[in-house]
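Worksheet: one structure, shown below.
Numbers here are sequence positions counted from 1. Keep in mind that what you see is a predicted model, and the values were worked out from it rather than measured.
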Amino acid sequence: MNHQLLLLSRLFRLNGTKTLPFIRSLTTAEATERRHHLFELEEKRQMENVGRIEKIEVQYKGNPEHCTLVMNKGISTPYDCAKHLSEWHMDTSALALLDGAVYWDMHKPLTENCTLELQHFTIAEPQQVNKAFWRTCSLVLGASVSMAFKDNVPVQLHSFPGPDIRSGSFIYDVDMPSLENWQPTPQELYTLSAEAVRLCQAKHPIRRLEVAEPLAAEMFVDNEHKAKQIPSIAKANGKVTLYKIGKHVDISKGPMISHTGQIGRVTITSVHKLTGGPDSDVKQLYRFQGVALPTGIMLNHFAFSILTERAKKLNTAKSPINPFGITEQERITAKA
């Protein structure tokens, strides 16, 4: 029995589950719990398979002074390196830059000798940090939507586009087939925002894990959209990159910032309905939108309200279910 089936059988024994078809009828909360357990088991398996521990040299460049750190290959991460420097480095470092060229997740194990620079939100060239921040906000938005609805409202996360700071909002497109013409009230948007704030205040580390395509397919067997996306994602090397915050697991190529506590002020501003194209299997999606600031970036209420109003307008990023893009009617509805 390969390790994917072994992990699955262990999970089935824990949950008392005996048949695979039952998986497709899981509630959103049950599916989240199941993916969380599979992620934990696979992460533990990969760690146990590291074998003999080898040492690598990490040449740290930055404040308070340049130094050489001796770390464990395949185990130690940039965050572990930050622990040797100060609590400030641990809290504020959002990304790592290896050898002056490769942007690296703070919780991704280092694999060879390298130079290391820790990137925060106030560096001179913050473009890549900002993209990682926006991408992470979309991840948090997907988690918030998954947790906010009761079991009688099925939620299937579809996808979110690459980060575009200029668009004015981070987004996540979600399939909620039981809600045909939902227009959220201000109170419902407030509830969604409260879920996002709760996740950020929990300061969850954002953990990354690469898994084989069969295991990724098993983890998302309850989500028809993710299941269809996985083969193309894994086409290059047979791997799928996953990220986890709390118990929420999602797919993204990354990189992401270090932990959710680095997201400060956050608001879910609007939800817009997207309609599918003539050949689309999915007839509609809801585009959730939000705006946020990194922790420590101060902005007065008036200035932030301007950003919030802008983020309410329909983000015209390409629709994943309509190759012809956002329709004129959707634009008109969004402006109403």
For this session: For the pair Lys226 and Asp250, evaluate salt bridge (charged side-chain N to carboxylate O under 4.0 Å, His left out) and give the outcome as yes or no after the intermediate values.
Result: CA-CA 9 Å; Lys226 301 286 185 183; Asp250 206 347; 2.8 Å; yes
For this session: Verify salt bridge (charged side-chain N to carboxylate O under 4.0 Å, His left out) between Glu213 and Lys235, making sure each step is shown before the conclusion.
Result: CA-CA 9 Å; Glu213 179 182 352; Lys235 188 175 181 180; over 6 Å; no
For this session: List the steps, then state whether ring-ring contact (aromatic ring centres under 6.0 Å, His included) holds for Phe288 with Tyr172.
Result: CA-CA 5 Å; Phe288 289 74; Tyr172 210 121; 8.6 Å; no
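Between Ser167 and Asn315, the side chains place a donor N or O and an acceptor N or O closer than 3.5 Å (distance only, hydrogens not considered). In summary, the side chains of Tyr243 and Asp105 do present a donor paired with an acceptor at a separation below 3.5 Å, with no hydrogens or angles considered. Looking only at atom types and distance, the side chain of Thr68 has no donor-acceptor partner in the side chain of Glu57 under 3.5 Å away.
Between the side chain of Gln262 and the backbone N or O of Asp91, at least one donor-acceptor pair lies under 3.5 Å. The main-chain N or O of Ile75 is never found under 3.5 Å from a side-chain atom of Asn72 such that the two would form a donor-acceptor pair. When atom types are taken as modelled, the side chain of Gln59 and the backbone of His66 share no donor-acceptor pair closer than 3.5 angstrom.
Remark: Leu299 CG to His301 NE2 distance equals 11.0 Å, nearest 0.5 Å. Taking CD1 of Ile257 as the start and CG of Asn130 as the end, the distance is 10.5 Å to the nearest 0.5 Å. Here Arg310 contributes atom CZ and Gln289 contributes atom CD; the two are 11.5 Å apart, rounded to the nearest 0.5 Å. From Phe133, atom CZ reaches atom CD1 of Ile263 across 5.5 Å, with rounding to the nearest 0.5 Å.
Ring-plane geometry between His158 and His225 is classed as tilted, the angle between the planes lying from 30 to 60 degrees on a 0 to 90 degree scale. Using cut-offs of 30° and 60° on the angle between ring planes, the pair His107 and Tyr79 is tilted.
With sequence neighbours left out, the salt bridge (Lys or Arg N to Asp or Glu O under 4.0 Å) criterion links Asp175 to no other residue. By the salt bridge (Lys or Arg N to Asp or Glu O under 4.0 Å) test, Glu210 is found to be paired with Arg208, residues two or more places apart in sequence or in another chain being considered. In terms of the salt bridge (Lys or Arg N to Asp or Glu O under 4.0 Å) criterion, residue partners of Arg198 (sequence neighbours excluded) are, by chain and number, Glu195.
When Thr115, Asn113, Leu110, Leu98 are each tested for a side chain to side chain contact (heavy atoms under 4.5 Å, CB included) with Val58, only one passes: Leu110. Of the options His248, Lys247, Lys244, Lys44, a side chain to side chain contact (heavy atoms under 4.5 Å, CB included) to Phe39 is made by Lys244 and by none of the others.
Between Lys61 and Leu116, every side-chain heavy-atom pair lies at or beyond the 4.5 Å cut-off.
No more than 12 heavy atoms of other residues, nucleotides or ligands sit less than 6.0 Å from atom NZ of Lys253. No more than 12 heavy-atom neighbours from other residues, nucleotides or ligands sit within 6.0 angstrom of CD on Glu180.
In terms of heavy-atom proximity, Asn223 sits nearest to Leu157 at ND2-O, 3.0 Å.
Geometric assessment of Lys108 against the ring of Trp104 yields a positive cation-pi assignment under the 6.0 Å and 45° thresholds.
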